[in-house]
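Report on one structure; see the data block that follows.
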Amino acid sequence: MALVALASAKGSPGVTTASLVFGALWPRQVLLAECDPAGSDVAIRMTAPGGAPLNSDRGLVSLAAASRKGLSDEVILAHSQQLDGGLDVMLGVRSPEQVGGMGGLWHPLGISFNQMQNGDVLADCGRIGASSPQLPVIQSARLVVLVCTATGSSVAHLRERLSSLVHHVDAQLGVVVVADPKRRDGVKQVWSVLDAMSVPVRHRWHLAYDPVGAAFFDGRGHGRLDKTQLIRSATDITAEMAALVAAPPQHEFDMAEAAFPPQGEWGG
Ligand SMILES: Nc1ncnc2c1ncn2[C@@H]1O[C@H](COP(=O)(O)OP(=O)(O)O)[C@@H](O)[C@H]1O
Ligand SMILES: [Mg+2]
């Protein structure tokens, strides 16, 4: 199935929160993979079923050691675990110092994530720059989504990152703006900045800035999560993203046709 990579250009606009929300609402089997070299937040914020702590020894680092014998869906899932609520997660590195131990895993990992048999993968890639080690994961994705806020500096960095990224990926590009639901004008300004660029960003979404909803993904929530503005705004976004990556990409269709032309076209 498909890999969707989420990342930011600068700062902390809410990539991890958005990844957790989309993962929780994803309409198919999905694995949330923490590929942020800055270190895992999920291990700190979230719990296993029943409120037990997550096993921080099981994740990308243990996968890196195990993958020396080969990488398969089974090996990936053996180093994943379940969050309270049921979402499967591959915990990221505990600290940036552990990234060195990942060696050349990012590239095969991205390919494997994009080809898992039983589900999609949402990769929280954290902040990305030109020399980020996790860039190969982004390059393997079917859909790359940059998360930003509607502030001038966030949008300026988004622009700069998109201009660079377009030379490194041939995935579909999307942008999620995290903004107060009432600040539609600010979000429109982001879209007009994108319109003025030559980079094709076809998929544009407004995710609610909602501290009440976000608190649930920070280990501090109480009340009805499903009634929050965060979840209400994320429901349609998640459905659209999942639908976008449900069909094989166009060039895979083309290749299938080239390999198996309709019967009438055989003979000669
Ligand atoms: N949609 C949102 N609405 C309100 N607060 C948010 C939202 N997304 C993230 N936050 C808050 O912002 C902080 C950083 O969020 P996080 O998801 O960790 O960002 P990133 O992964 O980009 O560093 C956290 O305290 C989180 O609760
Ligand atoms: Mg994060």
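Just follow the structure's listing: the first ligand is 1, and inside any ligand the first atom is 1.
Listed by number with element, the atoms of ligand 1 under 4.0 Å from a non-hydrogen atom of Pro211 are 4 (C). Counting atoms of ligand 1 from 1 in the listed order, those under 4.0 Å from a heavy atom of Leu230 are 1 (N). Atoms of ligand 1 found under 4.0 Å from any heavy atom of Val178 (numbered from 1 in listed order, with element): 1 (N), 2 (C).
With hydrogens and angles ignored, the 3.5 Å screen pairs no side-chain donor or acceptor of Glu34 with any backbone N or O of Ala123.
Within the 4.5 Å cutoff, no side-chain heavy atoms of Thr16 are placed close to those of Leu6. Looking at Leu60 and Met102, their side chains come closer than 4.5 Å, going by heavy atoms from C-beta outward. Inter-residue side-chain proximity for Phe113 and Ile76 is flagged as met; some heavy-atom pair is nearer than 4.5 Å. The closest side-chain heavy-atom distance from Gln134 to Val99 is not below 4.5 Å.
Considering backbone and side-chain atoms together, Ser8 places no N or O closer than 3.5 Å to any N or O of ligand 1. Between Val15 and ligand 1, at least one pair of N/O atoms sits closer than 3.5 Å. Residue Ala208 has at least one nitrogen or oxygen atom sitting less than 3.5 Å from a nitrogen or oxygen atom of ligand 1, judged on distance alone. The shortest N/O to N/O separation between Gly14 and ligand 1 falls below 3.5 Å. Checked by distance only, ligand 1 and Ser12 come closer than 3.5 Å through their nitrogen or oxygen atoms. The shortest N or O to N or O distance between Tyr209 and ligand 1 is not below 3.5 Å. Between Asp41 and ligand 1, no pair of N/O atoms sits closer than 3.5 Å.
Within a 4.0 Å radius of atom 27 (O) of ligand 1, the protein contributes one or more non-hydrogen atoms. The presence of a protein heavy atom under 4.0 Å from atom 13 (C) of ligand 1 is ruled out. For atom 2 (C) of ligand 1, the nearest protein heavy atom lies closer than 4.0 Å.
Among all protein heavy atoms, the one lying closest to atom 5 (N) of ligand 1 is Ala214 CB, 3.4 Å. From the protein, the heavy atom lying nearest to atom 17 (O) of ligand 1 is Thr17 OG1, 2.6 Å. In terms of protein heavy-atom proximity, atom 18 (O) of ligand 1 is closest to Arg45 NH2, 2.5 Å.
Using a cutoff of 4.0 Å between basic side-chain nitrogens and carboxylate oxygens, Asp195 and Arg204 are scored as salt-bridged.
Sparse packing is recorded around CG of Asn118, with 12 or fewer heavy atoms of other residues, nucleotides or ligands lying under 6.0 Å away. More than 12 heavy-atom neighbours from other residues, nucleotides or ligands sit within 6.0 angstrom of CZ on Arg28. The 12-atom threshold is not exceeded at NE2 of His107, counting heavy atoms of other residues, nucleotides or ligands nearer than 6.0 Å. The environment of Arg58 atom CZ is dense: over 12 non-hydrogen atoms of other residues, nucleotides or ligands sit within 6.0 angstrom.
At a heavy-atom cutoff of 4.0 Å, ligand 1 is contacted by both the backbone and the side chain of Thr16.
Donor-acceptor pairing under 3.5 Å is recorded for the side chains of Asp88 and Gln29.
Put simply, Thr17 stays out of reach of the Mg ion (ligand 2), with no N, O or S atom under 2.8 Å from it.
With Val212, Asp36, Thr149, Asp218 as candidates, the residue nearest to atom 24 (C) of ligand 1 on a non-hydrogen basis is Asp218.
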Steps toward side chain to side chain contact (heavy atoms under 4.5 Å, CB included) verdict (Trp205, Val177): CA-CA 6 Å; Trp205 295 290; Val177 179; over 6 Å; no

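Using a 4.0 Å cutoff on heavy atoms, Lys10 does not count as a contact of ligand 1.
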